[in-house]
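Comments concern the structure below.
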Amino acid sequence: MSDPTLDETINELEALIETKREELQEVVGGRRPPPGVILPRLTERVDGIDPMLFRTLPTPAESTSSPTAGSSAKTSTTAMKFEPSIAKTYEPHAIERARYAAWEQAGHFKPSAGDARYCIMLPPPNVTGSLHMGHAFQDTLMDALIRYHRMQGHSTLWQCGTDHAGIATQMVVERQLGLKGQSRHDLGREKFIEAVWEWKSESGGTISQQLRRMGASMDWSRERFTMDPALSKAVTEVFVRLHEEGLIYRGKRLVNWDPVLNTAISDLEVVSQEEQGQIWHIRYPLENGTGHLVVATTRPETLLGDVAVAVHPEDERYRRIIGKYLKLPLCDRSIPVIADSYVDPAFGSGCLKITPAHDFNDYIVGERHSLPKINIFTDNAAINDNAPAAYRGLDRYAARKKIVADLEAQGLLARVDPHKLMVPRGDRSQAVIEPYLTDQWFVSIAPLAEPAIKCVEDGRIRFVPENWSKTYFEWMRNIDDWCISRQLWWGHRIPAWYDRSGNIYVGRTESEARAKAGLSLDVALTQDPDVLDTWFSSALWPFSTLGWPDKTPELATFYPTSVLVTGFDIIFFWVARMIMLGLKFMGEVPFREVYIHGLVRDAEGNKMSKSKGNILDPIDLIDGITLEPLVVKRTTGLMRPEDAAKIEVATRRQFPNGIPSYGTDALRFTFASMATQGRDVRFDLGRIDGYRNFCNKIWNATRFVLMMVGDNPLKGTPSVASYGLPERWIRHRLRSALGEVRDSFESYRFDLSAQAIYEFVWDEYCDWYIELAKVTLNDEQAPDEVKHATRHTLVEVLEFSLRMMHPLVPFISDEIWCKVAPLMGKRGNTVMLEPFPNVAEVAPDDAAARTLDWMKTVILGVRRIRAESNLEPSKRIPLKVHGGSTAERQALQALEGYIKQLARVEKIERIDEVDDPDATTALAGETTLLVPLLDLIDINVERERIGKELARMTQDLQRVQGKLATESFVAKAPPEIVDKERKRATDLGDQITRLTDQLARLQR
RNA sequence: GGGUGCUUAGCUCAGUCGGGAGAGCGUCGCCCUUACAAGGCGAAGGUCGUGGGUUCGAACCCCUCAGCACCCACCA
């Protein structure tokens, strides 16, 4: 907390919040604010710590509203007055934190006993990091899988932990030191590392706390850090073994050098971007004074390190000067003209300057021709002493300027053109990367890559979606050796020692290294100062976290893990390397499946980034945030402070009222519903809005059920005969929904799971079944037995649904389940350990489904007439029915009560002859529905409506008849398709006749 | 230069085996009907990017083109 700007920000925020709090007090008069009003809260996470997290946890008992002790459950129709033991409105905050704490305390996240195993490795987030939308998305999917499998009784482990993230963490701590005017060199290596550890222990837990807010059910008791002693031991072990096998070697190579961070980085950490630059055409005079060659370069300063000029061997223009010498401008050196087929004669002048120490291609050409390598840079990319005195000590860009000026002065600059080029930059520092000749450690990758390719080819690892394996193969088949040494202080120190003459000794410890080489103690050794690439330790994560190299029970139980859930951006960085090292050291793949999810973008499809100011903090979506703190948050700590004004305007426009509080479940459900197969997902606030409403719907449906049932357990299972059609129908629907949910979980289609749950709960259970149940329960004639069956079904289907939805919305489902399950006589105290429902537990009932679906068309038909004829919704209307199949007639009789209530029909009259000319019509199967027109109805409206429907049907019929008239269709299409079309034609013909008759009557 | 995706309603997206184009949000109309206005009921809205091919039949399979996005790569 030593950062003055952060302190300032926090003070500002606190002052602001205090003001808002006072304003709000005035508005709501000290009472609980109405829904939608955002309670200001301290958004202190600017500095990565959230002191509010878990500070004031209500006990589970306090978290729900007044208990109903003493109130006797009434189960008659007067039960409406009964106030159930569930809060009146859905308030996620009242339930989420307490529930999570209870789960964690009870140890529910730990693996249970059981033969079937399920394990996911959390991609360890950066210990310096805080939760962003990508994490939140990914964690939701993993948690859904974990909960789904845990509920199936599998011994389930979600292994969590954090990554030391070498460069990133070191940079954060160095920046903090910088604010105090210190550098890491002022502290020295040992003190600096101490400072990093200290910082880690203070700020490192942020993301773990935030993961808890997401409801992530990971086994915290097994939390690991890549620099834990045990994991460091694994790192050393792997390094030493690979070295012993000759798969790790040290060598002087051209590597990607970050001159700002002063370290080598791997190919993957270099990001090339197209930038506008220039290309300089420079004259290199022939030594014999007969002219000059023109070479083109985008980097004139590298001229100082040139050792040759190459031309294509078959280029007629230059054939006779191959082997002659050129005077290297500005330098007192001669360089040869060489022939190499690498040169493209068509590009520029067809002459290429060769600078082996500063260009990857030139390096290869240089090797081919045994040319010297002249390094002209220092570690900071300033000109070194290998260059002429005039340029020494100049930064690379200052040197460029001077060199260009000098060339021009000497008349050696032929031309300068604007030129677009790919500029390599370090992904962390954004510094322009130099190819630079240094001693580094490498992993010889080809022998590791081969089995790693094979295990995906033969299906031992499966990518989901499948096409990502192509990307994987593409990279693995063109992979280069991996540079693993970094010139940093924070990380795993390389277990190698040097004597005075530079001989290398590798061992698990210095004494082992000595012993292996038979060195006596009086030979002085110094350890390699470098550390390993962070991804080296990450690559071991699937087995190092389980105790490797020791043979632990966890390792035997959970390796190979079940699935890896991750983004495509780290397939190369991490996934591929885990596969290679997993196969190497465990002899088995690290995971069976790799589920690749999309990247979370903002609503416009832009990548979310701090510098764009379009970041959404998942915690803000859960808790809500008012506009002012949001603006402050988005504009604080920008890399380019000049963007602040723009970001502020955009933020104020997009969130004029801040962000409402949605709760974790709504956020999770949104993420699940966005998890389609595409490459990226856009996060739209409209979606989360809708899913918060869905949670509210579940809440209120439960309130209704509890009102209807009371709070005493239901006695006895109803007899089969007491189930009405609605009860049979909703079970049938539940069965299909359940099947879809299970299938989609198995195939990682979380979007389809979410959709199936949403549609079942809202469209089937709430909109239809509850309404139908009301009819039965309000019917004084209905036998108790039937009412009991109805109540039982209300509860049973709800309880099923809660188990079915739990993996996606753990908090609300658990909260409600604990209230609902006892009514079923269930004793568990959390739904997360209950069995995930099986399709086999619910029998299909096609007959009930067909009948109820027909009834729905009747009700929908009447409702449509009512709406389109502007009849008052509350007014009961008479309904006449004509015709209909035997089944329809029976159904009508059986379901009359439901139809009357749901369609708001006064009475239903069967007529043999359509005699009422002024009636409006709807069709339900073979039955014709007629609603007598009342005085106020405009007959023309009805004519128009029927006319439109007729037009649609006639068009349909024509298409169907056209099909049936095609001989080849009847001959070649499957018979069931032909039959279906025939039936359609008959039905349509019949309906058209009935509507035409009705239209004729109206026109009289 | 090589590779991979995407293009379906105003917006964001589903569409699995090739067989009557779907959802959410938004829009419009009516309703505070005793679980829920964070709600209920109803409605409008689509040449499935373009052009061709295969097929009895194409949003879906094949090819062409266009636009967009991403990944990889050493063209000075």
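Model, not experiment: these values are computed from the prediction. Per chain, numbering begins at 1; letters A, B, ... match sequence-line order.
- Both the sub-6.0 Å distance and the 45° axial angle are satisfied by Lys774(A) relative to the ring of Phe704(A).
- No contact: Phe360(A) has no heavy atom under 4.0 Å from any strand.
- Here A66(B) sits opposite U7(B) as a Watson-Crick or G-U wobble pair (both hydrogen-bonding atom distances under 3.5 Å).
- To the nearest angstrom, C1' of U4(B) lies 11 Å from CD1 of Ile571(A).
- Rounded to the nearest 0.5 Å, atoms SG (Cys766(A)) and CZ (Phe694(A)) are 8.0 Å apart.
- Across all strands shown, G1(B) forms a Watson-Crick or G-U wobble pair with C72(B), both key distances being under 3.5 Å.
- Atom CG in Asn696(A) sits about 8 Å away from atom P in A38(B), given to the nearest Å.
- Tyr90(A) contributes no side-chain N or O that forms a donor-acceptor pair with the base of C36(B) under 3.5 Å.
- On the P atoms, C61(B) is 11 Å away from U7(B), given to the nearest whole Å.
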Could you give me the CA-CA distance, side-chain angles and deciding distance for Asn700(A) and Asn696(A), then say whether side chain to side chain donor-acceptor pair (under 3.5 Å) is met? CA-CA 6 Å; Asn700(A) 281 298; Asn696(A) 187 52; 3.3 Å; yes
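- Rounded to an integer number of Å, the gap from Ile865(A) CD1 to G42(B) P is 13 Å.
- Taking atom C1' in both U8(B) and G24(B), the straight-line distance is 15 Å, to the nearest Å.
- Look at the P atom in both G22(B) and G45(B): the space between them is 13 Å, to the nearest Å.
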For the pair Tyr90(A) and Ile95(A), evaluate side-chain contact (heavy atoms from CB on, under 4.5 Å) and give the outcome as yes or no after the intermediate values. CA-CA 9 Å; Tyr90(A) 167 57; Ile95(A) 59 178; 4.3 Å; yes
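- The residue Leu860(A) sits close only to the backbone: its heavy atoms come under 4.0 Å of sugar-phosphate atoms, none of a base.
- Only the P atoms considered, A14(B) is 38 Å distant from C31(B), to the nearest whole Å.
- Shown here, C56(B) is classed anti by the O4'-C1'-N9-C4 or O4'-C1'-N1-C2 angle, which is more than 90° from 0.
- In this model, the phosphate group of G40(B) is approached by a side-chain N or O of Lys697(A) to a distance below 4.0 Å at OP1 or OP2.
- As a whole-Å value, the separation of Arg601(A) CZ from C6(B) C1' is 12 Å.
- For Asp751(A), counting side-chain heavy atoms from C-beta on, the closest listed nucleotide (C75(B), A14(B), G5(B)) is A14(B).
- In terms of phosphate contacts, Arg299(A) brings no side-chain nitrogen or oxygen within less than 4.0 Å of OP1 or OP2 of A76(B).
- Rounded to whole angstrom, the span from the CZ atom of Phe683(A) across to the C1' atom of C11(B) amounts to 16 Å.
- Atom NZ of Lys819(A) sits about 13.0 Å away from atom CZ of Arg703(A), to the nearest 0.5 Å.
- Nucleic acid contact class of Gln901(A) (heavy atoms, under 4.0 Å, all strands): none.
- The residues Glu301(A) and Arg400(A) are annotated as salt-bridged, a charged nitrogen and a carboxylate oxygen being separated by less than 4.0 angstrom.
- Regarding Arg863(A), its CZ atom lies at a distance of 6 Å from the C1' atom of C41(B), rounded to whole Å.
- Atom name P, nucleotides C65(B) and U4(B): the rounded distance is 15 Å, in whole Å.
- In this model, a side-chain donor or acceptor of Glu771(A) finds a partner on the base of A35(B) within 3.5 Å.
- Per the geometry, CG belonging to Asp767(A) stands 14 Å off C1' belonging to U33(B), to the nearest Å.
- Rounded to an integer number of Å, the gap from OH of Tyr472(A) to C1' of G3(B) is 18 Å.
- Ion pairing of Asp956(A) with Arg984(A) is present here, as a side-chain N (NZ or NE/NH1/NH2) and a carboxylate O approach within less than 4.0 Å.
- Among Arg425(A), His419(A), Lys420(A), the one residue that satisfies the side-chain hydrogen bond (donor to acceptor under 3.5 Å, both in side chains) test with Glu275(A) is Arg425(A).
- Using a 4.0 Å heavy-atom distance criterion, Val970(A) is classed as making no nucleic acid contact.
- Atom P of G29(B) sits at a distance of 23 Å from the matching atom of U34(B), rounded to the whole Å.
- Here Met674(A) lies out of heavy-atom contact (under 4.0 Å) with every strand.
- For the P atoms, the distance from U16(B) to C60(B) is 11 Å, rounded to whole Å.
- With both pairing distances under 3.5 Å, C36(B) is matched to nothing as a Watson-Crick or G-U wobble pair.
- For A38(B), neither phosphate oxygen OP1 nor OP2 lies less than 4.0 angstrom from any side-chain nitrogen or oxygen of Arg692(A).
- OP1 or OP2 of A14(B) sits under 4.0 Å from a side-chain N or O of Thr676(A).
- Sequence order on RNA chain B of the closest nucleotides to Asn700(A) and Ala603(A) puts Ala603(A) first from the 5' end.
- The nearest pair of heavy atoms linking Ser673(A) to Asp751(A) is O-CB, 3.4 Å.
- One finds the CG atom of Asp481(A) at 12.5 Å from the OG atom of Ser266(A) (value rounded to the nearest 0.5 Å).
- With P as the reference atom, G52(B) and C71(B) are 36 Å apart, rounded to whole Å.
- Applying the 4.0 Å criterion to OP1 and OP2 of G42(B), one finds that Arg864(A) has every side-chain N and O outside that range.
- The listed nucleotides are G42(B), C75(B), A35(B); the one nearest the side chain of Ala867(A) is G42(B).
- The closest side-chain donor-acceptor pair between Tyr662(A) and Asp689(A) falls under 3.5 angstrom.
- Residue order along RNA chain B, read from the 5' end via each residue's closest nucleotide, puts Lys607(A) first among Lys607(A) and Leu352(A).
- Pair assignment for A43(B): U27(B), on the basis of Watson-Crick or G-U wobble contacts that are both within less than 3.5 Å.
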Once base and sugar-phosphate atoms are separated, protein heavy atoms under 4.0 Å mark nucleotides 16-25 of chain B, 5' to 3', with B, S and - as ---BB---S-
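- In this structure, Lys470(A) reaches the sugar-phosphate backbone alone: every heavy-atom distance under 4.0 Å involves primed, P, OP1 or OP2 atoms, never a base.
- Cys695(A) comes within contact range of no nucleotide atom at all, as no heavy-atom separation falls under 4.0 Å.
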